[in-house]
Number of protein chains: 2
Amino acid sequence: MTSEETLEQFNLRKTKIRIAVLDSLSQSAVAQSYSTMQNALHEFDRTTLYRTLLTLTEYGLIHKAYEENGESFYARCFGCTEQVHNHEHLHLKCSSCGGVECIEISDQLKSSLAQLPFQEINISAKGDCSACVSA
Amino acid sequence: MTSEETLEQFNLRKTKIRIAVLDSLSQSAVAQSYSTMQNALHEFDRTTLYRTLLTLTEYGLIHKAYEENGESFYARCFGCTEQVHNHEHLHLKCSSCGGVECIEISDQLKSSLAQLPFQEINISAKGDCSACVSA
DNA sequence: ACTCTAAATGCAACATTGTTGCAAAACAAA
DNA sequence: TTTGTTTTGCAACAATGTTGCATTTAGAGT
């Protein structure tokens with residue numbers, strides 16, 4: 001599904017920056033930092049980017065995968081809605097390249113987490129991402 | 001063990017702010033935000049607080065329990081050293097009071113996490129903290 | 001107690017991000 | 001195309017992250 005179709009599906013206006021952000025995150029294997037996106041989308045005002053990320057997060061199209069020292073990383077959501085967030089993966093901050101990767105978790109870990117009486121459980125870890133390991 | 005004794009054990013100078021930060025976090029049941037500490041320790045410069053938190057984190061006396069929207073929460077470490085971090089608990093951000101609580105995790109979850117090939121695994125969740133639930 | 005040296009602090013300064021208000025521009029429906 | 005609503009761009013400010021440097025302090029030795 002294209003970014004335009006996705007926005008349409010969620011009844012969101014198809015603006016340039018929303019399409020650009022969705023396109024960018026959809027094509028990226030790793031989560032992108034706010035500053036990276038700001039550089040890539042320098043044609044837009046940073047406030048607009050800020051609010052775009054808020055809106056897309058609110059509607060469950062993207063999620064904040066990782067945050068450290070004031071730097072936020074965003075990734076495309078798959079299978080999330082405004083009501084149900086399905087983030088059954090962990091976020092790996094690469095000690096080598098600094099990137100953030102979303103990684104699927106085992107069924108065992110999923111069931112352990114499912115027993116917890118909390119919402120929006122998020123696991124982050126540090127290590128080497130797949131790109132850096134294979135390099 | 002007193003904060004002074006702890007600092008001595010780690011070969012850290014016993015300065016006023018370090019003792020104050022350790023005392024404060026040791027007595028607190030929940031993690032404290034940077035801004036909270038800054039208000040409580042307004043006699044010290046915020047840069048000094050910033051560097052104190054860095055140093056105490058580096059030596060494993062405290063840890064950053066949670067970070068969201070640029071607000072960091074710190075908690076006392078127990079059983080951590082500079083080399084080995086033993087953060088086998090999750091950090092619960094209370095949807096009600098906004099506080100951050102450290103919660104022990106089950107052995108099952110611990111063993112699931114132990115199988116992962118990553119370091120510094122951190123679990124955060126949102127829900128109601130024990131104080132707000134019982135209130 | 002005094003001195004010395006390394007470490008820590010306070011202050012200034014700047015970058016980045018978070019956040020809000022408001023007028024102008026863009027979008028979507030009629 | 002017109003119109004009403006939403007979004008954007010810009011200004012502005014707060015908070016935090018971060019560094020450099022001169023001053024002060026802590027701890028060791030005398």
Side-chain angles (χ1 to χ4, degrees), chain A residues 2-24 31-59 61-74 82 93 98 100, chain B residues 2-24 31-59 61-74 82 93 98 100:
Chain A
T2 66
S3 300
E4 283 91 338
E5 289 169 339
T6 304
L7 288 168
E8 210 160 305
Q9 185 186 328
F10 281 81
N11 281 310
L12 286 168
R13 292 195 178 182
K14 288 165 276 182
T15 66
K16 285 178 190 171
I17 190 168
R18 286 177 185 169
I19 294 168
V21 167
L22 283 178
D23 279 352
S24 178
Q32 289 186 22
S33 71
Y34 173 78
S35 56
T36 299
M37 286 191 275
Q38 200 180 307
N39 287 333
L41 305 170
H42 59 273
E43 65 206 90
F44 302 101
D45 187 79
R46 75 179 190 86
T47 312
T48 304
L49 176 58
Y50 166 74
R51 282 192 271 229
T52 298
L53 294 172
L54 276 185
T55 302
L56 296 181
T57 299
E58 181 188 345
Y59 281 81
L61 298 182
I62 66 174
H63 65 284
K64 190 187 283 187
Y66 189 83
E67 181 174 359
E68 187 176 39
N69 296 338
E71 189 168 32
S72 297
F73 292 76
Y74 292 86
E82 196 171 351
K93 169 79 170 176
V100 173
Chain B
T2 66
S3 299
E4 282 93 337
E5 288 168 341
T6 304
L7 289 168
E8 210 161 305
Q9 186 187 329
F10 281 79
N11 280 311
L12 287 168
R13 292 194 178 184
K14 288 164 275 183
T15 66
K16 285 179 191 172
I17 191 169
R18 286 179 184 168
I19 294 167
V21 167
L22 283 179
D23 280 351
S24 178
Q32 290 186 21
S33 71
Y34 174 78
S35 55
T36 299
M37 286 191 276
Q38 200 180 306
N39 287 334
L41 305 170
H42 59 272
E43 65 204 271
F44 302 100
D45 187 79
R46 75 179 189 85
T47 312
T48 304
L49 175 58
Y50 166 74
R51 284 192 269 229
T52 298
L53 294 172
L54 276 185
T55 302
L56 296 181
T57 299
E58 181 189 342
Y59 281 81
L61 298 183
I62 66 175
H63 64 284
K64 191 187 281 187
Y66 190 82
E67 182 174 358
E68 188 177 39
N69 296 337
E71 189 169 31
S72 298
F73 291 76
Y74 292 86
E82 196 171 349
K93 169 78 170 177
V100 173

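Letters A, B, ... are given to chains in the order of the sequence lines, protein chains preceding strands, and every chain is numbered from 1. Just so we're clear, the structure is a prediction, and the values are computed from it rather than from any experiment.
Put simply, OG1 on B/Thr48 and CD on B/Gln38 are 11.0 Å apart, with the number rounded to the nearest 0.5 Å. Atom CZ in A/Arg51 sits 13.5 Å away from atom CD in A/Glu58 (nearest 0.5 Å). Separation of atoms CG (A/Leu54) and CG (A/Leu49) is listed at 10.0 Å; rounding is to 0.5 Å.
The distance between atom NZ of B/Lys64 and atom C1' of D/dT16, rounded to the nearest whole Å, is 10 Å. Atom-to-atom, NZ of A/Lys14 to C1' of D/dT6 comes out at 15 Å; the value is rounded to the nearest Å. Nucleotide C/dA7 holds its C1' atom 15 Å from the CD1 atom of B/Ile17, rounded to whole Å. As rounded to whole Å, 12 Å separates atom P of D/dC10 from atom CZ of A/Phe44. Rounded to an integer number of Å, the gap from A/Glu68 CD to C/dT16 P is 18 Å. For the pair B/Leu54 CG and C/dT9 C1', the computed distance is 14 Å after rounding to whole Å. Residue A/Tyr34 contributes atom OH, which lies 14 Å from atom C1' of D/dT16 at whole-angstrom precision. Nucleotide C/dA12 holds its C1' atom 16 Å from the OH atom of B/Tyr50, rounded to whole Å.
No contact: B/Glu67 has no heavy atom under 4.0 Å from any strand. Among the protein residues, A/Thr55 comes within range of no part of the nucleic acid, since none of its heavy atoms lies under 4.0 Å from any strand.
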Please tabulate, one pair per line, all N/O donor-acceptor pairs under 3.5 Å involving side-chain atoms of residues 7-19 of chain A, not counting sequence neighbours.
| unit_1 | atom_1 | unit_2 | atom_2 | d |
| --- | --- | --- | --- | --- |
| A/Glu8 | OE1 | A/Lys14 | NZ | 2.7 |
| A/Arg18 | NH1 | A/Arg13 | O | 3.1 |

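Residues A/Lys16 and B/Glu43 both approach DNA chain C. Their nearest nucleotides, taken by heavy-atom distance, put B/Glu43 toward the 5′ side.
OP1 or OP2 of C/dG18 has at least one side-chain nitrogen or oxygen of A/Ser72 nearer than 4.0 Å. In this model, the phosphate group of D/dT16 is approached by a side-chain N or O of B/Gln38 to a distance below 4.0 Å at OP1 or OP2. Under 4.0 angstrom from either OP1 or OP2 of D/dT25 there lies no side-chain N or O belonging to B/Thr15. The shortest distance between the side-chain N/O atoms of A/Thr47 and the OP1/OP2 oxygens of D/dA12 is not below 4.0 Å.
When each of D/dT8, C/dG18, C/dA8 is scored by its nearest atom to the side-chain atoms of B/Arg13, the top-ranked nucleotide is C/dA8.
Under 3.5 Å, the side chain of A/Arg51 and the base of C/dT19 form no donor-acceptor pair of N or O atoms. The base of C/dG18 is paired with the side chain of A/Arg46 by a donor and an acceptor separated by under 3.5 Å.
In this structure, A/Thr2 and A/Leu22 have side chains that are not in contact, with every pair of non-hydrogen atoms separated by 4.5 Å or more.
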